[in-house]
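Below you'll find the structure, written out as structure tokens, and then a few comments.
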Amino acid sequence: FIDLHYPRVKGSSEETGLEVWKNTCPEKEFISTESGIRDDIAEGTFGGSEEEQAKDLIKYYSMIFNTGYNKIYWMLVDWDYAPDVPNDAWENYGILRADKSKKPAFYAFKEIIEKVDYFNSITKLAEGQYKYTFSNKDPVYVLWCDSGTCTPDSSIPTTNIRITNYQGNTQLEITLTESPIFVEEA
């Protein structure tokens, strides 16, 4: 397998140069280790708070799975890599705080695993709209809208569906905001 790190920066393209690696190392599994989004304010990066980290985790997964990664390993626990450096990056990437208490990102991580684990393929339908397909169940759609007004792609079902937000709470209708939702047949 090939282990690549994928830094996600606001305003950057989803493209990661993975196509070059796929052509250079065909038939290899691509894994992203030490992935994460900061839970503090860091110029130019996603996240910015624990709540934003949780929302962006689901977006990040969909975007990098769509580029062709096979597996993504998230930073689990915040740790003070450089005690002499205040607020170093490693202190802010985990889904658990240094004291092992759960951040909102823990629940977002749990939700995306429950919804899309073992998917066969992923398709980008529109900006912020992805369709995960499976061999043993109906598709799951991950949707959000980062700016302006967004409308769900016409291929997304609107009746007899279950809508779940990034925290695992259900909602009654598809409303696209910066908070990602999962849409699946009921």
Side-chain angles (χ1 to χ4, degrees), residues 1-8 14 16 18 28-39 45-79 90 92-125 128-146 152-153 156-157 161-171 174-186:
F1 69 88
I2 307 295
D3 175 12
L4 300 168
H5 294 266
Y6 178 55
R8 181 72 180 142
E14 227 172 277
T16 63
L18 192 59
K28 296 293 181 192
E29 184 176 46
F30 291 89
I31 298 173
S32 177
T33 60
E34 297 181 346
S35 295
I37 293 171
R38 292 175 66 107
D39 69 3
T45 63
F46 274 81
S49 68
E50 287 189 357
E51 206 60 40
E52 292 301 315
Q53 178 193 37
K55 292 176 193 177
D56 288 344
L57 180 150
I58 291 169
K59 297 174 188 181
Y60 179 88
Y61 263 60
S62 295
M63 289 186 279
I64 66 174
F65 276 138
N66 186 59
T67 65
Y69 279 87
N70 303 94
K71 294 179 183 161
I72 305 166
Y73 293 98
W74 199 266
M75 297 291 295
L76 293 179
V77 180
D78 290 343
W79 61 292
W90 297 104
N92 302 97
Y93 278 105
I95 60 174
L96 300 173
R97 296 176 191 92
D99 66 3
K100 309 296 188 284
S101 61
K102 298 172 185 172
K103 294 184 192 177
F106 175 87
Y107 300 101
F109 186 69
K110 182 179 178 224
E111 196 63 31
I112 196 164
I113 289 170
E114 288 176 3
K115 298 293 184 189
V116 305
D117 206 10
Y118 301 108
F119 70 92
N120 286 345
S121 66
I122 182 171
T123 305
K124 183 177 182 178
L125 303 173
Q129 299 183 37
Y130 295 86
K131 176 183 179 180
Y132 288 84
T133 56
F134 306 84
S135 62
N136 61 346
K137 69 178 188 175
D138 292 326
V140 173
Y141 300 86
V142 177
L143 313 172
W144 69 89
C145 180
D146 280 330
D153 186 83
I156 299 169
I161 56 174
R162 179 176 43 246
I163 305 162
T164 311
N165 70 14
Y166 71 100
Q167 298 168 319
N169 301 317
T170 58
Q171 56 189 64
I174 296 175
T175 304
L176 299 183
T177 67
E178 67 176 21
S179 298
I181 58 172
F182 299 92
V183 177
E184 55 195 316
E185 292 195 29

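Remember, predicted model here, so these are calculated numbers, not experimental data.
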Q) Which residues satisfy the salt bridge (charged side-chain N to carboxylate O under 4.0 Å, His left out) test with K137, sequence neighbours excluded? A) none
Contact check, side chains of [X] and [Y], non-hydrogen atoms, under 4.5 Å:
X: P152; Y: Y141; answer: no
X: F134; Y: V116; answer: yes
X: I181; Y: T164; answer: no
X: I58; Y: F182; answer: yes

Distance, nearest 0.5 Å, that separates [atom1] of [X] from [atom2] of [Y]:
X: I72; Y: Y60; atom1: CD1; atom2: OH; answer: 7.0 Å
X: L76; Y: K100; atom1: CG; atom2: NZ; answer: 10.0 Å
X: T170; Y: I163; atom1: OG1; atom2: CD1; answer: 9.0 Å
X: K55; Y: T177; atom1: NZ; atom2: OG1; answer: 7.0 Å
X: I113; Y: Y61; atom1: CD1; atom2: OH; answer: 6.0 Å
X: M63; Y: Y130; atom1: CE; atom2: OH; answer: 6.0 Å

With sequence neighbours excluded, tell me which residues meet side-chain hydrogen bond (donor to acceptor under 3.5 Å, both in side chains) with [X].
X: D99; answer: S101
X: D153; answer: S155
X: S121; answer: T133

Q.
Please list all pairs meeting salt bridge (charged side-chain N to carboxylate O under 4.0 Å, His left out) that have one or both residues in residues 101-113, counting only residues at least two apart or in different chains.
A. D39-K103, D78-K103, K110-E114, E111-K115
I need the minimum non-hydrogen distance between [X] and [Y], along with the two atoms involved.
X: N120; Y: S135; answer: ND2-N, 3.0 Å
X: Y69; Y: F65; answer: O-CD2, 3.3 Å
X: I122; Y: S62; answer: CD1-O, 3.5 Å
X: A54; Y: A108; answer: O-CB, 3.4 Å
X: W144; Y: D146; answer: NE1-OD2, 3.2 Å

Q: Please identify each residue that fulfils ring pair (Phe, Tyr, Trp, His ring centres under 6.0 Å) with Y132, with sequence neighbours left out.
A: F119
Q.
If we ignore hydrogens and angles and just use 3.5 Å, is the side chain of Q53 paired with the main-chain N or O of G94 as donor and acceptor?
A. yes
Q. So, are R97 and E50 salt-bridged, with charged N and O less than 4.0 Å apart?
A. yes
Q) Cut-off 3.5 Å, side chains only: do E51 and Y166 have a donor facing an acceptor? A) yes
Q) Checking side-chain contact (heavy atoms from CB on, under 4.5 Å) for the pair D138/E184: CA distance, chi angles, key distance, verdict? A) CA-CA 7 Å; D138 292 326; E184 55 195 316; over 6 Å; no
Q | Over 12 foreign heavy atoms within 6.0 Å of NZ, K131 | A | no
